[in-house]
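Just so you know, residue 1 is the first one in the sequence shown, and it goes up from there.
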Amino acid sequence: MIIYGKQVVQYVLENHPEIIEEVFFSKEIEKKLFSKFLKLGKKIHKLDNQKAQALAKGGNHQGYFLKISIFEYTDFKEMKKLNFVVVLDGLTDVGNIGAILRSAHALGVDGVIASGVKTLKESGLIRTSSGAMLDIPFCKTENTLDVANELKQYGFALIGATMDGIDLKKYGKVEQTDKVALVIGNEGEGISNKVIKKLDLKVSIGMSNNFDSLNASVAAAILMYTLKK
């Protein structure tokens with residue numbers, strides 16, 4: 001798996017050097033940083049601009065690339081042992097999912113479940129999450145309804161973000177011992193109707209100026225922060 005971009009490459013170097021298999025550069029880097037890569041004992045390659053653009057498929061690579069081992073998802077059985085998880089119902093946008101992973105890790109959420117999807121672009125998610133995907137339990141499942149049913153059986157309260165929910169400020173924060181699953185719907189249709197019927201509580205974000213257009217990652221961050229603070 002290839003990841004690229006200065007920030008995420010340096011993050012992996014500092015926090016997960018064990019997953020690095022090969023290193024690629026298309027620019028000169030400072031000696032101190034280069035020495036850290038040398039200490040890995042891995043192959044280091046110099047790329048010309050054309051090969052770098054091809055490897056990044058046109059993305060903003062900044063001259064930094066890593067070949068890393070394949071990402072291993074957390075088993076769903078392990079997710080059920082956690083207390084506060086975020087369930088993504090059918091989200092597919094790499095930027096949104098990456099931002100949610102980043103916020104979840106920063107705000108102390110225990111894990112994230114991407115449900116209702118068959119495949120995800122792991123390399124893109126590692127990049128857009130700034131590496132947070134490597135540090136938070138992350139599970140992938142194909143059926144959100146099954147996830148909802150099983151979480152309820154394990155004592156989770158399902159809180160869903162909907163347009164007609166109560167203002168989250170009236171609900172209060174989640175205690176550390178509570179088992180809660182915050183469900184975030186996809187970018188276009190929101191939470192699926194079958195899953196909405198399973199929710200224990202529907203919440204919304206109070207808006208000003210008669211404006212209700214927040215993307216999924218921004219809404220998720222606000223909801224996570226409000227529940228956790």
Ring pair (Phe, Tyr, Trp, His ring centres under 6.0 Å) pairs touching residues 78-136, sequence neighbours excluded, are none
Tightest non-hydrogen contact, residues Leu125 and Gly98, listed as CD2-N, 3.9 Å
Within 6.0 Å of NZ in Lys67, more than 12 heavy atoms from elsewhere: no
Q.
When you compare the side chain of Pro137 with that of Glu78, does any pair of heavy atoms fall below 4.5 Å?
A. no
Same cluster for Leu47 and Tyr4 if Ile/Leu/Val/Met/Phe/Trp/Tyr side chains link at under 4.5 Å?
yes
All heavy atoms of Val94 vs all of Lys121, minimum pair found to be CG2-CB, 4.4 Å
For Gln7, the side chain to side chain contact (heavy atoms under 4.5 Å, CB included) test, sequence neighbours excluded, returns Ser130
query = Is there a side-chain contact between Ile159 and Asp200, using heavy atoms and a 4.5 Å cut-off?
reply = no
Verify, without hydrogens or angle tests, whether Asn143 (side chain) and Gly116 (backbone) share a donor-acceptor contact under 3.5 angstrom. no
| said: Please tell me whether Met133 and Met224 are part of a single hydrophobic cluster in this structure, the criterion being side-chain heavy atoms less than 4.5 Å apart. | reply: yes
On a heavy-atom basis, the closest approach of Leu40 and Pro17 is CD2-CB, 3.7 Å
Under a 4.5 Å side-chain heavy-atom rule over Ile, Leu, Val, Met, Phe, Trp and Tyr, are Leu107 and Val203 clustered together? yes
Rounded to the nearest 0.5 Å, the OG1 atom of Thr144 sits from the CD1 atom of Ile113 at a distance of 9.5 Å
Practice item. Measure the shortest side-chain to side-chain distance between Leu66 and Glu22 over non-hydrogen atoms and say whether it is less than 4.5 angstrom. Key: no
In terms of hydrophobic clustering (I, L, V, M, F, W, Y; side-chain heavy atoms under 4.5 Å; direct or indirect links), are Leu91 and Ile191 co-clustered? no
Would a 4.5 Å heavy-atom cut-off, applied to side chains only, mark Asn149 and Leu145 as touching? yes
For Thr92 and Asn186, run side-chain contact (heavy atoms from CB on, under 4.5 Å): C-alpha distance rounded to whole Å, both residues' side-chain angles, the deciding distance at 0.1 Å, then the answer.
CA-CA 7 Å; Thr92 57; Asn186 69 27; over 6 Å; no
Across all chains, not counting sequence neighbours, the ring-ring contact (aromatic ring centres under 6.0 Å, His included) partners of Phe65 are His61
So the ring pair (Phe, Tyr, Trp, His ring centres under 6.0 Å) pairs with at least one residue in residues 132-157 (sequence neighbours excluded) are Tyr73-Phe138
Could you tell me whether a side-chain N or O of Ser129 sits under 3.5 Å from a main-chain N or O of Ile126, the two making a donor and an acceptor? yes
### Query
Can you tell if the side chain of Val195 reaches within under 4.5 Å of the side chain of Asn193, non-hydrogen atoms only?
no
Interatomic distance, CE@Met79 vs OG1@Thr141, rounded to 0.5 Å, equals 9.5 Å
Residues Asp110 and Leu82: closest non-hydrogen pair is O-CD1, 3.5 Å
Query raised in the report: When clusters are formed by joining ILVMFWY residues with side-chain heavy atoms under 4.5 Å apart, either directly or through shared neighbours, do Val85 and Leu134 land in the same one?
Result: no
Ring pair (Phe, Tyr, Trp, His ring centres under 6.0 Å) pairs touching residues 182-203, sequence neighbours excluded, are none
Sequence neighbours excluded, the answer for ring-ring contact (aromatic ring centres under 6.0 Å, His included) partners of His45 is Phe24
Heavy-atom nearest pair, Ala114 first then Leu120, reads CB-CD1, 3.8 Å
Full working for salt bridge (charged side-chain N to carboxylate O under 4.0 Å, His left out) between Lys36 and Glu14 | CA-CA 9 Å; Lys36 291 182 179 180; Glu14 296 294 336; 3.1 Å; yes
Which label fits Tyr11 and His16: parallel for a plane angle under 30°, tilted from 30 to 60°, or perpendicular past 60°?
tilted
Hits for side chain to side chain contact (heavy atoms under 4.5 Å, CB included) against Asp93, two or more places apart or cross-chain, chain-then-number order -> Asn96, Glu187
Say whether, by atom type as modelled, one donor and one acceptor occur between the side chain of Arg102 and the main chain of Thr128 under 3.5 angstrom. yes
Interatomic distance, CD@Glu122 vs CD1@Ile3, rounded to 0.5 Å, equals 12.5 Å
Those residues at least two apart in sequence (or on a different chain) that pass side chain to side chain contact (heavy atoms under 4.5 Å, CB included) with Lys6 are Gln10, Gln62, Tyr64
Residues Leu158 and Ala148: closest non-hydrogen pair is CD1-CB, 3.7 Å
CG of Leu38 to CG of Leu33, rounded to nearest 0.5 Å, is 10.0 Å
Salt bridge (Lys or Arg N to Asp or Glu O under 4.0 Å) filter on Lys80, not counting sequence neighbours, yields Glu150
Check your understanding: Do Leu88 and Ile100 have side chains that get closer than 4.5 Å, going by heavy atoms?
Key -> yes
Sorted by chain and number, sequence neighbours left out, side chain to side chain contact (heavy atoms under 4.5 Å, CB included) with Gln50 holds for Asp48
Those residues at least two apart in sequence (or on a different chain) that pass side chain to side chain donor-acceptor pair (under 3.5 Å) with Asp146 are none
Practice task
Flag the pair Glu28 and Lys46 as a salt bridge only when some basic side-chain nitrogen lies within less than 4.0 angstrom of an acidic carboxylate oxygen.
Solution key: yes
Report task. Evaluate the criterion side-chain contact (heavy atoms from CB on, under 4.5 Å) for residue pair Val87 and Leu182; output intermediate values, then yes/no. Result -> CA-CA 6 Å; Val87 179; Leu182 173 63; over 6 Å; no
Taken in chain and number order and not counting sequence neighbours, the residues that satisfy salt bridge (Lys or Arg N to Asp or Glu O under 4.0 Å) with Lys27 are none
OG (Ser115) and CG (Asp89) are apart, to the nearest 0.5 Å, by 5.0 Å
- May I ask you to test the Glu21-Ile68 pair for a side-chain heavy-atom distance under 4.5 Å? no
| query | Val23 versus Phe25: any side-chain heavy-atom pair under 4.5 Å? | reply | yes
Distance col, row Ser217:OG vs Ile222:CD1, nearest 0.5 angstrom, shows 9.5 Å
Run the numbers on Asn83 and Asp178 for side-chain contact (heavy atoms from CB on, under 4.5 Å), then give the verdict. CA-CA 6 Å; Asn83 285 346; Asp178 292 340; over 6 Å; no
